[in-house]
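Notes follow the structure.
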Amino acid sequence: MALYRCFATKDDLVDALLDRILGRLAAPEPSEDWAADLAGFARAHRMLLALHPWAIVPLFTHPNPGLNATRIGELALEILSRGGITGGDAVADFCGILALNYGWSAFASARSAATRIDQNPGVAIGAAIAALPAGRFPRTRAVADQMSAYGSDEHYERALRQLVAGLRDSADVTDGTR
C-alpha cells in the first residue's frame with residue numbers, strides 16, 4: 001500500500017513499472033549491417049519480455065508507458081532508417097517486430113507456466129494433433145512432431161530471419177539496388 005501513496009492511480013504505478021523494465025533493454029552496439037542490428041534489437045527486446053513475462057499483457061494496454069518505451073522505438077526507427085526504411089513503412093515494420101515478440105513471448109510464457117505445473121506442453125500438443133482425423137487434417141497431422149516445438153527458440157529464429165530478410169528485400173527494392 002505504501003507504493004500507492006507515490007502514484008495517483010494504479011495505471012500510473014503500472015506505467016512506472018513498465019517504464020523501468022523497458023529501461024533495461026540491452027541493445028547491441030551498432031554495426032555496419034543494419035539488418036543484423038535489427039535482428040539483435042529484436043532478440044534483446046524478446047529477452048526483456050522473457051525476463052518479465054508479467055509485463056506482456058500490460059504492455060498491450062499501456063502502449064507508451066514512458067520515455068523508455070519511446071527510447072526503444074527511437075532505437076528501432078534509427079536501425080530501420082540505416083536500411084533506408086523511414087516514415088510509415090518504418091512504423092509498420094517496427095510494429096511487426098513488436099507483434100512477433102509479444103506473440104512469441106505470450107506463447108513461451110504459457111509453455112513455461114505449463115512446465116512449472118508438471119505438464120509438458122509439447123507432448124500434449126503432439127498428442128492432440130495426432131488424434132485429429134487424418135482425412136480432414138492431413139497436413140497438420142504430418143507435422144505433429146514439429147508442432148510440439150511450437151513457440152520454441154528455433155522457430156522464433158526462423159520467423160525472425162524471414163521477417164528481417166523480407167525487410168531487407170523491401171529496402172533493397174525501395175532504394176533501387178534491385
Side-chain angles (χ1 to χ4, degrees), residues 18 21-60 63 68-69 71-86 89-116 119-130 137 139-175 177-178:
L18 292 173
I21 298 283
L22 294 174
R24 296 178 178 165
L25 179 77
E29 290 295 317
S31 72
E32 297 297 317
D33 184 350
W34 72 269
D37 291 350
L38 187 62
F41 165 84
R43 288 183 195 102
H45 182 259
R46 180 175 170 241
M47 179 58 63
L48 186 70
L49 296 173
L51 292 172
H52 304 283
W54 68 268
I56 297 166
V57 172
L59 282 166
F60 284 116
N68 285 318
R71 182 182 65 83
I72 288 172
E74 180 71 16
L75 176 59
L77 293 172
E78 186 277 325
I79 294 169
L80 288 163
S81 73
R82 287 193 283 125
I85 302 170
T86 60
D89 290 343
V91 171
D93 295 346
F94 173 52
C95 288
I97 290 167
L98 291 181
L100 173 66
N101 282 349
Y102 288 144
W104 217 277
S105 296
F107 291 145
S109 180
R111 278 182 164 270
S112 180
T115 301
R116 281 194 301 275
Q119 294 178 350
N120 184 331
V123 170
I125 291 168
I129 290 172
F137 302 101
R139 288 169 192 82
T140 303
R141 284 196 49 171
V143 295
D145 289 345
Q146 292 86 0
M147 288 293 282
S148 66
Y150 193 72
S152 68
D153 290 343
E154 293 82 15
H155 286 182
Y156 174 81
E157 284 299 322
R158 175 177 169 70
L160 180 60
R161 268 194 317 275
Q162 295 301 316
L163 175 62
V164 172
L167 295 176
R168 185 190 302 266
D169 287 349
S170 165
D172 289 348
V173 169
T174 303
D175 74 11
T177 60
R178 288 181 100 198

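For this chain, numbers begin at 1 and follow the sequence in order. Fair warning: this is a prediction, and the values are worked out from it, not measured in the lab.
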| task | Using the six-membered ring wherever Trp is involved, compare the ring planes of W104 and F107 and label them parallel, tilted or perpendicular (cut-offs 30° and 60°). | result | perpendicular

| field | Check: S81 side chain, E78 main-chain N or O, donor-acceptor pair, under 3.5 Å | value | yes

| field | From L98, L18, I21, residue fulfilling side chain to side chain contact (heavy atoms under 4.5 Å, CB included) relative to L59 | value | L18

| said: Between D33 and R168, is the side-chain contact (heavy atoms from CB on, under 4.5 Å) condition met? List the steps. | reply: CA-CA 10 Å; D33 184 350; R168 185 190 302 266; 3.3 Å; yes

| request: Output, in order, the C-alpha distance, side-chain angles, deciding distance and verdict of side-chain contact (heavy atoms from CB on, under 4.5 Å) for N68 and L25. | output: CA-CA 9 Å; N68 285 318; L25 179 77; over 6 Å; no

| field | Which atom of A171 lies closest to which atom of G83, heavy atoms considered | value | CB-O, 3.0 Å

| request: With the side chain counted from C-beta on, respond yes when L163 and I97 share a heavy-atom pair under 4.5 Å apart, and no when they do not. | output: yes

| task | Could you tell me whether the side chain of D37 and the main chain of S31 form a donor-acceptor pair under 3.5 Å? | result | yes

| request: List the atom of A44, the atom of A26, and the distance in Å for their closest heavy-atom pair. | output: CB-O, 3.4 Å

| task | Identify the two heavy atoms, one from A69 and one from L22, that lie closest to each other, and give their separation to 0.1 Å. | result | CB-CD1, 3.7 Å

| request: Find out whether R46 and D153 are in side-chain contact, i.e. whether some heavy atom of one side chain is under 4.5 Å from a heavy atom of the other. | output: yes

| query | Salt bridge or not for E154 and R158, using N-O below 4.0 Å? | reply | no

| field | Validation row: D93, L38 side chains within 4.5 angstrom (heavy atoms) | value | no

| query | If you take all heavy atoms of L75 and F41, which pair is closest and at what distance? | reply | CD2-CD1, 3.7 Å

| note | Tightest non-hydrogen contact, residues A42 and Y156, listed as O-OH, 3.5 Å

| Got a second to check how far E157's CD is from Q162's CD, nearest 0.5 Å? | 12.0 Å

| note | Shortest non-hydrogen pair, N101 vs L49, comes out as O-CD1, 3.9 Å

| query | Going from CZ on F94 to CD on E74, what distance comes out if it is rounded to the nearest 0.5 angstrom? | reply | 10.0 Å

| request: Could you tell me which residues satisfy ring-ring contact (aromatic ring centres under 6.0 Å, His included) with W34, sequence neighbours excluded, listed by chain and number? | output: none

